[in-house]
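Notes follow once the structure below has been shown.
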Amino acid sequence: MTDRPVPTGKADRDYLAAVTVGGPQPVSRIVVVDYDPQWPGLFQALASSIRAALGGAVLGLEHVGSTSVPGLAAKPKIDIDLIVADSSDEDAYVPHLERAGFTLRIREPDWYEHRVLVREDPDVNLHVFSPGAEELKRHLIFRDWLRGNDDDRNLYASVKRRLAEREWEYVADYAEAKNQVVATILTRAGYIRPVGDPS
């Protein structure tokens, strides 16, 4: 397994082109809004749709990202971690999810065989991993820490709002700009990146 590109101030363009199905889509502006108490209900409805599409192939579903943290400002996009037996086996789940309105956008074979499918109305990023992927653990530690820590939740919100005032070519650039504060918060949460982990 190889590392993702080392952050350079802009997400690696060659890497983005290689892993994005249909090519990266410029965004210009990132919108960060106040927490919406409807987000947990949207996750539950989406989770039901995913389970209906995949049945027993669903080994786990978690609401992650900023919309999963009550009180946290966020991009109005629901992030979900889906665990399947083998995320590299797209034939086992992608066609079913496509029939449920999702579209495959990211394929990262060298980074936990990570896949991302998207859907609009509501906006969703569905992250697909196999069991045991370290990124699953990292997402949950970060979420749970922010749910219980007002200071770090406020810090993260302020950084996101400040970054959202800038113009960005790609969402990946905005995400990369958050790496330092995310790493700081994860360290306070007790997360230690395993040796050889590519995240």
Within a strict 4.5 Å, meaning less than it, do heavy atoms of the [X] and [Y] side chains meet?
{"X": "V64", "Y": "I80", "result": "no"}
{"X": "Y93", "Y": "F102", "result": "no"}
{"X": "H127", "Y": "D79", "result": "yes"}
{"X": "S68", "Y": "W39", "result": "no"}
{"X": "W145", "Y": "I185", "result": "yes"}
{"X": "V118", "Y": "V124", "result": "no"}
{"X": "S130", "Y": "I83", "result": "no"}
{"X": "R119", "Y": "L126", "result": "no"}

Residues [X], [Y]: salt bridge by 4.0 Å N-O rule:
{"X": "R115", "Y": "E113", "result": "yes"}
{"X": "R166", "Y": "D173", "result": "no"}
{"X": "D151", "Y": "R188", "result": "no"}

Identify the two heavy atoms, one from [X] and one from [Y], that lie closest to each other, and give their separation to 0.1 Å.
{"X": "D12", "Y": "D14", "value": "OD1-N, 3.2 Å"}
{"X": "P131", "Y": "V84", "value": "CD-O, 3.0 Å"}
{"X": "R107", "Y": "V21", "value": "NH1-CG2, 3.9 Å"}

Could you tell me the separation between the [atom1] atom of [X] and the [atom2] atom of [Y], rounded to the nearest 0.5 Å?
{"X": "L82", "Y": "F129", "atom1": "CG", "atom2": "CZ", "value": "10.0 Å"}
{"X": "T20", "Y": "I106", "atom1": "OG1", "atom2": "CD1", "value": "3.5 Å"}
{"X": "L72", "Y": "D150", "atom1": "CG", "atom2": "CG", "value": "11.0 Å"}
{"X": "L54", "Y": "L97", "atom1": "CG", "atom2": "CG", "value": "4.5 Å"}
{"X": "F142", "Y": "L186", "atom1": "CZ", "atom2": "CG", "value": "6.0 Å"}

Does the pair K160 and S66 meet the rule for a side chain to side chain donor-acceptor pair (under 3.5 Å), with working shown?
CA-CA 10 Å; K160 292 196 302 174; S66 294; 2.6 Å; yes

Stepwise salt bridge (charged side-chain N to carboxylate O under 4.0 Å, His left out) test for K77 and E120:
CA-CA 9 Å; K77 184 181 290 282; E120 296 180 355; over 6 Å; no

Counting heavy atoms not belonging to K178, are there more than 12 under 6.0 Å from its NZ?
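Yes.
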
If you draw a 6.0 Å radius around CD in Q38, do more than 12 non-hydrogen atoms from other residues or ligands fall strictly inside?
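Counting other residues, nucleotides and ligands, CD of Q38 stays at 12 neighbours or fewer.
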
